[in-house]
Colleague: 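Take a look at the following structure, please.
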There are 2 protein chains.
Amino acid sequence: MQGEELLRVTGDDGERTDAARNRRLLLDAAAEIVALHGPDKLTTEGVARRAGVGKGTVFRRFGSRAGLLHALADEAGRSFQQAFMAGPPPLGPGAAPLDRLIAFGEASIARMHFDGQILRAAEQRGGPDPEHPTQQLIRLHLSLLLRQLGVQDPELASYQLAAFLNAGLLLHLQEHRGMSTARLCESWRTLVAALAAQGPAPDRTSDRSLDHVLDRASDSALDRPSDAGRECT
Amino acid sequence: MQGEELLRVTGDDGERTDAARNRRLLLDAAAEIVALHGPDKLTTEGVARRAGVGKGTVFRRFGSRAGLLHALADEAGRSFQQAFMAGPPPLGPGAAPLDRLIAFGEASIARMHFDGQILRAAEQRGGPDPEHPTQQLIRLHLSLLLRQLGVQDPELASYQLAAFLNAGLLLHLQEHRGMSTARLCESWRTLVAALAAQGPAPDRTSDRSLDHVLDRASDSALDRPSDAGRECT
DNA sequence: GAATAAAGCGGACCGCGGTCCGCTTAGATA
DNA sequence: TATCTAAGCGGACCGCGGTCCGCTTTATTC
């Protein structure tokens, strides 16, 4: 009659110590393989063998190959999350919403140089999963900023913007279409500025807000080729 | 010494008659399986068995499972291509570029009710392949219209728009987020109108073009819940 | 109709993602 | 320390996507 809550005191998250140990072993082994041979060469059996555990453990801990990649990508992107949620402006709080939006996109694009490979591999299989916590966090952030800009239906607009910041798409544009980071950032600014321009004050003084937006967009256009979002990763 | 061009006279596309026959058999078998059990249940072996051919033939003819799905989706979407390239306005030529863009998005969204399942299945594996001819055609169409609107970098903007018209995303929003077709269309109009608003005349008379755009957008807002793009499929 | 050369064919085969179930071990209780 | 229970473990197993290579068919030429 010890009740049904007899454990749950061992690990930090109700995870048994051996389970936690194996999670770390697998994560490290996976990171090693990815660093050595790229994400495509990561097989569930290989990572299990390298970690010294059975294949079933991989699926117990991460659910799927994609889950493992996602966990890997999340570890790499944790500092990025920190940066845009609690870091210094313009990425973090304190700057104007439009500036934060622009900075977020530029940082996301710049981020591809570092862990784009892993991000792309993680979002394989059925396109990027919009239900993944990380994706949800990104969209929440975007929709908050969009709401502050007075954009209509910020939630749906956040999906539109997030669809473009997709790692698979950005890497494709960079690698297979030879588009520069600067060009992608420029297009991002244009897109965001366009959305912002029609949000606030659609009745009068609309040209003032429009000019404001256009000025802001052209201010930062075509410079800063790839040093945007240095604080990521 | 008959030269190296001795055949190439049989099928309509240099395809041997048995090859063409098997292609049709496979396509029909695949369509049948999809109609009966959904795209997820389509296996290369199953479709081969149903078509009465070997498994290798599937890959010879379509390259991969995704290729087969793509061919299926293309067949279903051929009339849609016709409609926006040579059909009646506003989808086809003759209408104003902005109207055509709006109509295109609305038709794409409406199309999901019919062959969204197949489209999503086809674009599985690594997100939608931007190099597929159908995707290229869609982006070409979009970029042409965007250029007529004076949008900066129409090519890249077409990627942004196409990213949103992704079947996987649209179906997700409809099925898992309960978003209505009307809401998706509304958001599409807003997005396109925003891009169009800053395209032409960024120096003077910008408020005229802006008003023009906003009027046009609000004209068709919130009505036409799901009867848009009837001519598709 | 015989010969011929290449395109086509198909099923055995492989690798990997994912599942399952009997065994092991951690950790709590006494 | 003995015991007990559930979480954890791992490798055999399965299904499917994709490849390969020797055999068959097609269509042309003489």
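Proteins come first, then strands; the chains are lettered A, B, ... in the order of their sequence lines, and each starts at number 1. The structure displayed is predicted, hence computed values, not measured ones.
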Colleague: Using whole Å, what does the distance between atom C1' of nucleotide D:dT28 and atom CZ of B:R16 come to?
Modeller: 12 Å
Colleague: Can you tell whether the side chains of B:R78 and B:E75 come within less than 4.0 Å, N to carboxylate O?
Modeller: no
Colleague: Report each atom pair, protein N/O against N/O of nucleotides 13-17 of chain D, whose distance is under 3.5 angstrom.
Modeller:
{"from": "D:dG17", "atom 1": "OP2", "to": "B:T44", "atom 2": "N", "distance (Å)": "2.9"}
{"from": "D:dG17", "atom 1": "OP2", "to": "B:T44", "atom 2": "OG1", "distance (Å)": "3.1"}
{"from": "D:dG17", "atom 1": "N7", "to": "B:K55", "atom 2": "NZ", "distance (Å)": "3.0"}
{"from": "D:dG17", "atom 1": "O6", "to": "B:K55", "atom 2": "NZ", "distance (Å)": "3.4"}

Colleague: B:R23: what forms a salt bridge (charged side-chain N to carboxylate O under 4.0 Å, His left out) with it, not counting sequence neighbours?
Modeller: B:E15
Colleague: Hey, does B:R21 reach any base, or is it just sugar-phosphate, or nothing, if we go heavy atoms under 4.0 Å?
Modeller: nothing
Colleague: Restricting to side chain to side chain donor-acceptor pair (under 3.5 Å), what partner residues turn up for B:D28, sequence neighbours left out?
Modeller: B:R24
Colleague: What is the distance from CZ of B:R49 to P of C:dC9, rounded to the nearest Å?
Modeller: 19 Å
Colleague: Which nucleotide, C:dC9, D:dG8, D:dT25, lies nearest any side-chain atom of B:T57?
Modeller: C:dC9
Colleague: Could you tell me which residues satisfy side chain to side chain donor-acceptor pair (under 3.5 Å) with B:Q148, sequence neighbours excluded, listed by chain and number?
Modeller: none
Colleague: Write down the distance between CZ (A:F62) and P (D:dC9), rounded to a whole number of angstrom.
Modeller: 11 Å
Colleague: Could you note down all residue pairs passing side chain to side chain donor-acceptor pair (under 3.5 Å) where residues 50-60 of chain A supplies at least one of them, sequence neighbours left out?
Modeller: A:E32-A:R50
Colleague: Taking only residues two or more places apart in sequence or in another chain, which ones pass salt bridge (charged side-chain N to carboxylate O under 4.0 Å, His left out) with A:R177?
Modeller: B:E155
Colleague: Side chain of A:T17 only, please: which of D:dA27, C:dG10, C:dG27 is the nearest?
Modeller: C:dG27
Colleague: Can you list everything that forms a salt bridge (charged side-chain N to carboxylate O under 4.0 Å, His left out) with B:R21? Sequence neighbours excluded, please.
Modeller: none
Colleague: If you find the nucleotide of DNA chain D closest to B:G63 and the one closest to B:D18, which residue's nucleotide is nearer the 5' end?
Modeller: B:G63
Colleague: It should be established whether B:N22 places a side-chain nitrogen or oxygen under 4.0 Å from OP1 or OP2 of nucleotide C:dG8.
Modeller: no
Colleague: Should we count CD of B:E175 as having more than 12 external heavy atoms under 6.0 Å?
Modeller: yes
Colleague: Mind checking if B:R61 touches a base, just sugar-phosphate, or nothing, with heavy atoms under 4.0 Å?
Modeller: sugar-phosphate
Colleague: Can you tell me how far P of C:dG8 sits from CG of B:L26, to the nearest Å?
Modeller: 14 Å
Colleague: Answer with base, sugar-phosphate or nothing: what part of the nucleic acid does B:V58 contact at a heavy-atom distance below 4.0 Å?
Modeller: nothing
Colleague: Measure CZ/A:R60 against P/C:dT25 and give the value in whole Å, please.
Modeller: 15 Å
Colleague: Contacts to DNA chain C from residues 29-39 of chain B, heavy-atom cutoff under 4.0 Å, which residues?
Modeller: none
Colleague: Output a table of donor-acceptor pairs, distance under 3.5 Å, between side-chain atoms of residues 134-146 of chain A and any protein atom two or more places apart or on a different chain; print 'none' if there are none.
Modeller:
{"from": "A:T134", "atom 1": "OG1", "to": "A:D74", "atom 2": "OD1", "distance (Å)": "2.8"}
{"from": "A:T134", "atom 1": "OG1", "to": "A:D74", "atom 2": "OD2", "distance (Å)": "3.1"}
{"from": "A:T134", "atom 1": "OG1", "to": "A:H132", "atom 2": "ND1", "distance (Å)": "3.4"}
{"from": "A:Q136", "atom 1": "NE2", "to": "A:E131", "atom 2": "OE1", "distance (Å)": "3.0"}
{"from": "A:R139", "atom 1": "NH1", "to": "A:P130", "atom 2": "O", "distance (Å)": "2.8"}
{"from": "A:R139", "atom 1": "NH2", "to": "A:P130", "atom 2": "O", "distance (Å)": "3.4"}
{"from": "A:R139", "atom 1": "NH2", "to": "A:Y159", "atom 2": "OH", "distance (Å)": "3.0"}
{"from": "A:S143", "atom 1": "OG", "to": "A:R139", "atom 2": "O", "distance (Å)": "3.0"}
{"from": "A:S143", "atom 1": "OG", "to": "A:L140", "atom 2": "O", "distance (Å)": "2.9"}

